[in-house]
Every structure is written in C-alpha cells, then in structure tokens.
*Asks:* 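One structure, pasted below without further comment.
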Amino acid sequence: MEASFTIRDLLEDWGAFIFSLILGISGLILGRLLKKNIVSMIFNLFALLTLLAFSILYSGDGKEVFGIFEFDRFFFNSCFWISVFGIITLFVSFQEVSSKGEVFPENFFFVLLSSLGAILMTGSKDFLSLFISKELMSFNIYAMIYFIRDRYGVESAFKYFISSALLSLFYLLGFSFFIISNETIFISNPKSILGILGVYLVLFDLFFKSGSAPFHFWVPDVYQGAPSSTVVFAGSVVKFASFLAIMRIFDLTGQNYKHLLEIIVILSVIIGSLGGLVQKELKRILAYSSIAHSGFISLLLFGTGSKDFKEFLLFYLATYGISFAGAFSVISLFKNTLLYLEDIRGFSSAHRFFSLLLSVFLITFTGLPLLSGFPSKYFAFFTALSVKEVVPVIISAIGSLISLYFYFIPLVRTFMESAENKLDFNINTFVGLILMILAFLSFVFGVYPDLFFIMTQKIPLFS
Amino acid sequence: MDAVKLTLIFPFLGAFLSLFIRSVYVGFLFSLGTFIFSLFIRAGYSDEILISEKIGFSISLYVDGLNILLIWLTTGLFFLVFLYAIVEKRERKDEYTFLFLLLESLLLPSFLTKNVLVFYFFFDATLIPMFFIIGIWGTGRKVYSAYKFLLFTFFGSVFFLVSIIYLGIEFYSSGGRLSFELEDLIKVVGQLDFQTKTLLFLGFFLAFAVKIPLIPVHVWLPDAHTEAPTGGSVILAGILLKLGSYGFLRFALPLFPDVVREYWYIIAVISIAGIILGAILALSQEDMKRLIAYSSVSHMGYITLGSVAFSGDKITYEGLQGAVLQMVNHGIATGALFFIVGMIYERTHTRMIRDYSGIARKVPIFTFFFFIFTLSSIGFPSTGGFIGELLVIFSAMRSNIIFGVLVAGGAILSAGYLLYLILRVFFGPEKSDINEHIKDASFVEFLTLVPLAIFVFIIGIFPGYFMKIISGGVEFVWKHLSQ
C-alpha cells in the first residue's frame, strides 16, 4: 500500500496529537526548570483535553490514516475514554506526588505519552504500529511505577519490566511468524499454520497486558507496590487499550478463538475470585478482582462478529475503568503504602463522604444491580450465552458469587467496625469532586445503560 | 403521574433527601406519603415505562390481585417501622432512614413489575441495603449473619439470572426483538424441550427457594432474623420472604406449567418437611427471635404447598388463594411478633426465654398483642391466619390425603410452640430482676401495633372482600396451569 500524504493531511489528522505533544514537552521543560509540579500538571492537563476535544470534534469517521491506523467510531470512543482516565490520573497523581513532597514533573508527561500510546494502540491496523504504540504505552508505565523508590516500588517496577519485556519477545516472534506466513504486516487472516501460531503469540502478549490468567502473575505485585495513581492508569487504560486491540485482531483475522477464550475465561475467573478470598490487603484484593474481571470481559469476546458486542465491550471497559479508577483514587488518598484491611476500620465514621464513594465503587465490582456492574455482567453473560457458551457462563456466575465475599469485607471494616487508631488520610477537594462524578456515572450507567450507547453514537460529533 | 408511579418514586425521593436532611422524620413523612398513595392503587392497572431497549429493560407496571395486597403490606409495614423508629433507641438514625427508604423503593417495583429481568434487578438490589442493615445495627454475630444472608441469596439468584438471560436470548432469536416480558417469555418456553425447561426452572426455583426459604437452604434465615435490628427483622419476615413466594407464583408457575405439573410433589414434600421440621426446631429454641424465625420457616411452607398443590393434573384453586392470603397474614402476624420482641428486647437487652417469667402483670398491653398475633399465626378462627391455613389444608387434602394429614399436624405443632412460648415468657411465677426494668408499651409503640391487630381481625372476619381481590390474580396463575 502506498502512503502518500501532504503536510496538510498530516496536520489535519495528527494536528491534535502534535499539539498535545508540544504542550506536554513544554510543560515538562517548564516544570523541570521552575521545579514545580503544578506547571507540568496543567500543561499536560491541557494536552489531554486537546485529545478529548479531538475525539469529540474530529470529522472523518472510518478514515484510514497512512493505511496503518483506522480512525473509526471505536477509535474515537477509546480516545475519549482514555483521555478521561488520563485526566483522572493526572489529578490523582498530582495529589500523590505533592503529598509526598517530591518534585516530579516528568510523571505527568509520562501519563500523556502513555495515553497517546494507548490511543494509537486502539487504532492500529497492522502488527508493527500496534507493537510500537504498545511499547510507547508500557515504557512510560515502567517509569511511573518507579517514582516511589521504596522496596515495593522497585519490586513491582522490576517485575513489570522483566515480564513485559519477555512477553514483548513473544509478540515479536509471533509477528515474524506472521510476516513469513502472510508476507504483510497488516492484521489479516493468517494463511498458514505458522501465521496462526504467530497471531496466538501476539494475543498472549495482549492478554498479558490486560491482566488475564494465565498471564496474570504480575498483577497483584504490581498493583500492590506501584503508586496508586499509576495503578489508576494501569488498571483502567492498559486494560482498555489491550482489550480493544484484541478485539481488532479478532475482527480482522476472522479466526475462531473459542478454545483460547474458554481457557482464559475459566482460569481468570477461578484464579481471580479464589485468589481474592485469602488476601489481607486492599490493593491485592482489587488486583485479583481485576483478574476476575478480565475473565468477564473475555466472555464478551465470544461474540466477535455479532452486532452489539463491540459496544458492549466498550461499555464494560469504560464502566469498569470508572469504578477501578474511583476505587484506587480513594486508596491513593490514604497515607499508608500498604493498606491492610485492619487499617480502614471505622473509615466511615471519620470520613463519611469518601467511605460512601468507596462503597459505591466496590459494589460496582460485585455486579449487583443499581450500579453499572450489573449491566456489564448482564452483557457479558448475554453475549456468551448467545453463542451457547454455557460452561464459561456458569463458572463466571459461580466466580461472581465467590468474589462477592471479598468485595464486602472492606465495607464491613469500613461501616461496621470502629477505628482503633487514627486514619492517615489526605482530603483533596479535586479528587473528591472527580470521585463524586465517577460514582454518579456508575449509578447512571447502572440504571440507564442506554445513555452510554447514545454517547457512543455521538462520538465523534460530526461524522 | 398516577398513584402507582407516585408510590414508586416517593420513597426514592425520600432516600435521596435523607442523604442531606439527616433526620428520621424524613423517613416517617415519606413512608407515610407512600402509604397514602398506595391506598389509591387499584387492581387492573397496567402501564409500561421503557428504560432501556438495549437490555430489554422496561418497567411494565402491572397490578392485580396477586400483588396489590403485598404492596399495601409493604407500604404499611415500612410506615410502621418508621413510626417505631422515632422512639427507638438507635445510633446513626440518619443512615438507618436512608437504607430503609432505599429498601422500600427497591421492593415496590419488584412487586409491581411483570418483566422478569426487572424483577431480578430489584430482587437482587435489595441485598445491598439489607446487608448493611443487618451488619450495622444487628446484635451478636451480625457480620456473620449479614454475610450468610448475602451469599445464600446471591447463590440462588445468580443462576436465576442465567436462566432469565437464556430465555431472553431464545425470544430474541425467534422474534428479533429483546424482551423479558412475562407474556413474551411464556410463548418462548412452549417451544423448548422438556430437559432445557427443567434446567431453566431449577434456576428460577433455586432463587425463590433460598428466599422463601425452603428446607435445606433455609439456614440463613434464623441467623439473619435473629441478629437483625427490629425494623430489619420485621421487613425481612414481613416482606422480603414474600418476594420469593410472590416471584414463584408470578413467574415460575406461569412460565413452566408442565415442569411444575411433573415435579410438584417434590416441592410439596419439601414444603411439608419445612412445615414440620421448622415447627420442631422452633419448639427447641431458647431465643425468642430465633423461635419466631423458625416459625417463619414453618409458615412459609404453607405458602409454597398451597402454590403447588395439584389435584389430578389441575392445580387447586383454593390452594393458590390460600397461598396469597397466607402471604399477607404471615407478613402481618410475624412482622408484629418481631415488633413486640424487639420492643421488649430494647427494655431488657435479653431475648433468652429463660430470663423471662410472668411479665404479663407488668406489661399487659404487650401480652394482649402478642396473644392476638400468636392466634393469627396458629390459625385460630376469626383471625386471618385461620382462613389462609384452612384453604391450604383443603387443597392439600384434595391433592393427597397424606399431605393433608401431615399439614394439619404441622398446624397443631405451631400452636404448641407459640402457646408454650407465651406460657413461659408472659405467665408463670414472676422474676424480680426482669420485672424491675420492664415497662409497658409507650403510646407510639401502641400505635405501631394497633393497625396490625385490627387487620388480623378484619381479614379473619370479612375474608370475602379480600378473597374477591385475590381471585383476580389467582385467575392469572390458574389459567396458565390448568390448560
């Protein structure tokens, strides 16, 4: 495919990205020179807002850019949600960096770069640009994890780096297999068994990034050790981008991945829900819940090719991201590095507002009605049952029953026990405000999921 | 805005307001308003509010004889709970108000809807407020009991959801439109083979069996009822259990008539086992609340037995009537018994039967009311319980004489344990240590109990009026089962 383009095309399609990068870099330089977090934070905030505006205002739905990126409706929707999660991360990490008394303006730039990588990942049509954007997303996360230089931070950064690098090798191997088989880098139906093997190896890496079992081993340690603001980002955006990339590969290769999905769903749900049962630390509990949710999300992938499944997938990823970002934002306000369940005793009597918000997010994870967890779970079951995948659905149902237990333990500690010693808790107005909006969204999407689908149709606005 | 919609919206509005105005009077006023609105609801109402096309979620409101009495019972009992909450000694009354109003706003739509998915939605959503009510204000092993309640109920309902979605997909693939309306699903079920139907029915049945509760999944009930605060026990016994038996009548029976016709005797045997085992367990309890909780297990057995009693291959009409009426009777009588025990507990801080003796002289009003509700529970003539139990025993006799004999025996046992309870607690030699603290009912407490007592007798003396209301709804079930 010949790529011919002019400067005008470049500016039209990439203007927003270039502008946001310029904003981000100037914020980084100014922030470093002035030794002020806030400068970098504001510049990068505007950079992400640019991307948000781009996703809404860009006119050119379904356009192919350079032949390697496809700017379709799902790309713009992902762009929208990834920018939203990026903005949340900015506020949370600003709070976290400032409360530690550090000057670390680079962190905000990493958030921007990583968001850019994630956005491009969801639009990639070939394995090469997918690889590059995936690495752009991951590299910044290694650095973001490491900004708290304590034992846990080092451990989790190292673990994430080593295992990511290993799985990236899988990706490259699969990629080269695919090139040999199809003689193209574009994601398409593999022509030989070698090509199929190649696609599977690529998928392994993407499932690893999304935190699904059996590639889940890094999740608990990284979520526990990394700064909470980084986890807000890693749990919402990385999962979002990798599942959308998986969706695109499923769509473009047209293979049947039933057995792979069955293994991933069953293992993720079982490991996630049983592993969470024995945890004593809140971040680890949420890490296991994240694994279990990867299993639920994979249920949706059974519906590849059906009419609504892409929208359902977006719904699940966005609402899960909302509650995940919310829960970890609350956690980021605690001063403790590790948040044992005993530590949050009597949280509600001391900080009623934040404890209410935490309970909203945790109940969203359970999939009980009233909050957005229920429609998500419903869509997952619905999609899988439509193609008669009864066994994974039954196992997921049992898994959601088991995980109900550990989602409610923090609530028991919060609401039903009284504090022994004082809680170390930062109250931050901005984060509180954002959390309130997120909790409200959880509720609204829970009782009126159509609102989300209307939004999906409306992005981008002019198409 | 008609009465039904106002009834639905009002408690929700109150719950929202109670987040900002932290007073129990918000709960009182809003539950009173809901009660008044609900009195204007008439059977025969039906309306549809489409919430979400994408998930087939439309709150199709429908009022008939099956649910109208339960709606009045719900709004009435919630009003009384709030009336009592004004004088009750309780911490964090503002959160109490919020959770109870939320619970009411979730219970009403589940009784009013004819859409199976919407029913499930609210059926499951009630778990959240109830978990917190038991866990925060409970006594003793409150967290354990709250968990038991939560996990058992969710265990049943998660398969219920899978069954519902399966049916919805079947309809979707045949009709091209997503719907969970009862009428639509009934058409679909007819086309399935018997084995699939049985499996789907099991999903439905498990959810309702846990909620009702039937033996052997009743084990959550004694703990939850015992450790819940007074208002929680009243609502649990009075209304939440009815969600199970109502759902069974409204959804499971019309959807799977031939499965029920094939296996009704199994359900009947389980119910009778529940009646007798519940009564025997109640006899051996030392805790008053636990005793009444086991009596619930026993009495709910009558309702399921009445719902499934077949004679030949036709379901008995009087069994269905008795089941619906018994739901209301049980809600009133057991709710009231929990009220009284809770009121006494607040004075003495003990529920152990052995700590009490001869308190009738000190608390004549409580004794009087306790006696009335006991009479209704054991089915004494001129109380509501008599009519309901009689109808169920009739239907049991008609379907199988052995069932009839066993159920009648269970009725005698229930007279045994409840009257024995009265004998031990209210009569006998006076104990000085208890009798010193205990005071008789205050004016508000008296006001809480009076309306319930009046209704016990109204249903008992003028059953014709209630039977007329009920029969409209019973027709609905009967029509589907006697084809």
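Keep in mind that what you see is a predicted model, and the values were worked out from it rather than measured. So that the names make sense, note that chain A is the first sequence line, chain B the second, and so on, each numbered from 1.
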*Asks:* Side chain, backbone, both or neither: which part of Val162(B) has a non-hydrogen atom closer than 4.5 Å to chain A?
*Replies:* both
*Asks:* Between Phe119(B) and Phe251(B), does the ring centroid distance fall short of 6.0 Å?
*Replies:* yes
*Asks:* Can you label the angle between the Phe204(B) ring and the Phe208(B) ring as parallel, tilted or perpendicular, going by 30° and 60°?
*Replies:* perpendicular
*Asks:* For Ser348(A), which atoms come within 4.5 Å of any heavy atom of chain B: side chain, backbone, both, or neither?
*Replies:* side chain
*Asks:* Given a strict heavy-atom distance threshold of 4.5 Å, which part of Leu161(B) is in contact with chain A: side chain, backbone, both, or neither?
*Replies:* side chain
*Asks:* When you check the gap from the basic side-chain N to the acidic O, do Lys310(A) and Asp72(A) get nearer than 4.0 Å?
*Replies:* no
*Asks:* Dump the intermediate steps for side chain to side chain donor-acceptor pair (under 3.5 Å) on Tyr288(A) and Ser273(A), then the final yes or no.
*Replies:* CA-CA 7 Å; Tyr288(A) 278 100; Ser273(A) 48; over 6 Å; no
*Asks:* Side chain, backbone, both or neither: which part of Leu127(B) has a non-hydrogen atom closer than 4.5 Å to chain A?
*Replies:* side chain
*Asks:* Are Arg141(B) and Tyr144(B) in a cation-pi contact, defined as NZ or CZ under 6.0 Å from the six-membered ring centre and within 45° of the axis?
*Replies:* yes
*Asks:* Between Tyr172(B), Tyr120(B), Phe123(B), Trp137(B), which residue shows the highest count of heavy-atom pairs closer than 4.5 Å to chain A?
*Replies:* Tyr120(B)
*Asks:* Below 4.5 Å from any heavy atom of chain B, which atoms of Ile454(A) appear? Answer side chain, backbone, both or neither.
*Replies:* neither
*Asks:* Under 4.5 Å from any heavy atom of chain A, what part of Tyr147(B) do you find: side chain, backbone, both or neither?
*Replies:* side chain
*Asks:* I'd like to know which of Tyr405(A), Phe381(A), Phe415(A) tops the heavy-atom pair count under 4.5 Å against chain B.
*Replies:* Tyr405(A)
*Asks:* Counting only non-hydrogen atoms closer than 4.5 Å, does Phe453(A) touch chain B with its backbone (N, CA, C, O), its side chain (CB onward), both, or neither?
*Replies:* side chain
*Asks:* At a 4.5 Å cut-off on heavy atoms, which part of Phe374(A) comes close to chain B: side chain, backbone, both, or neither?
*Replies:* side chain
*Asks:* Just checking, any donor-acceptor pair under 3.5 angstrom between side chains of Ser179(B) and Asp184(B)?
*Replies:* yes
*Asks:* Just say parallel, tilted or perpendicular for the rings of Phe315(A) and Phe379(A), cut-offs at 30° and 60°.
*Replies:* perpendicular
*Asks:* Dump the intermediate steps for side chain to side chain donor-acceptor pair (under 3.5 Å) on Gln191(B) and Glu170(B), then the final yes or no.
*Replies:* CA-CA 9 Å; Gln191(B) 299 156 7; Glu170(B) 286 293 328; over 6 Å; no
*Asks:* Going through the distances and angles, do Asp47(B) and Lys114(B) end up as a salt bridge (charged side-chain N to carboxylate O under 4.0 Å, His left out)?
*Replies:* CA-CA 10 Å; Asp47(B) 194 6; Lys114(B) 222 176 168 184; over 6 Å; no
*Asks:* Could you check Thr196(B) against Asp193(B) for side chain to side chain donor-acceptor pair (under 3.5 Å), going step by step and ending with a plain yes or no?
*Replies:* CA-CA 6 Å; Thr196(B) 322; Asp193(B) 58 291; 2.7 Å; yes
*Asks:* Counting only non-hydrogen atoms closer than 4.5 Å, does Glu311(A) touch chain B with its backbone (N, CA, C, O), its side chain (CB onward), both, or neither?
*Replies:* side chain
*Asks:* Among Tyr378(A), Tyr448(A), Phe382(A), who wins on heavy-atom pairs under 4.5 Å with chain B?
*Replies:* Tyr378(A)
*Asks:* Quick check on Leu401(A) against chain B: is it the side chain, the backbone, both or neither that has a heavy atom closer than 4.5 Å?
*Replies:* both
*Asks:* Taking side chain as everything from C-beta outward and backbone as N, CA, C, O, which of these in Ile134(B) sits under 4.5 Å from a heavy atom of chain A? Side chain, backbone, both or neither.
*Replies:* neither
*Asks:* Against chain A, label Phe132(B) side chain, backbone, both or neither, depending on which of its atoms sit under 4.5 Å from a heavy atom there.
*Replies:* both
*Asks:* Using non-hydrogen atoms and a 4.5 Å limit, figure out which bit of Phe131(B) sits close to chain A: side chain, backbone, both or neither.
*Replies:* both
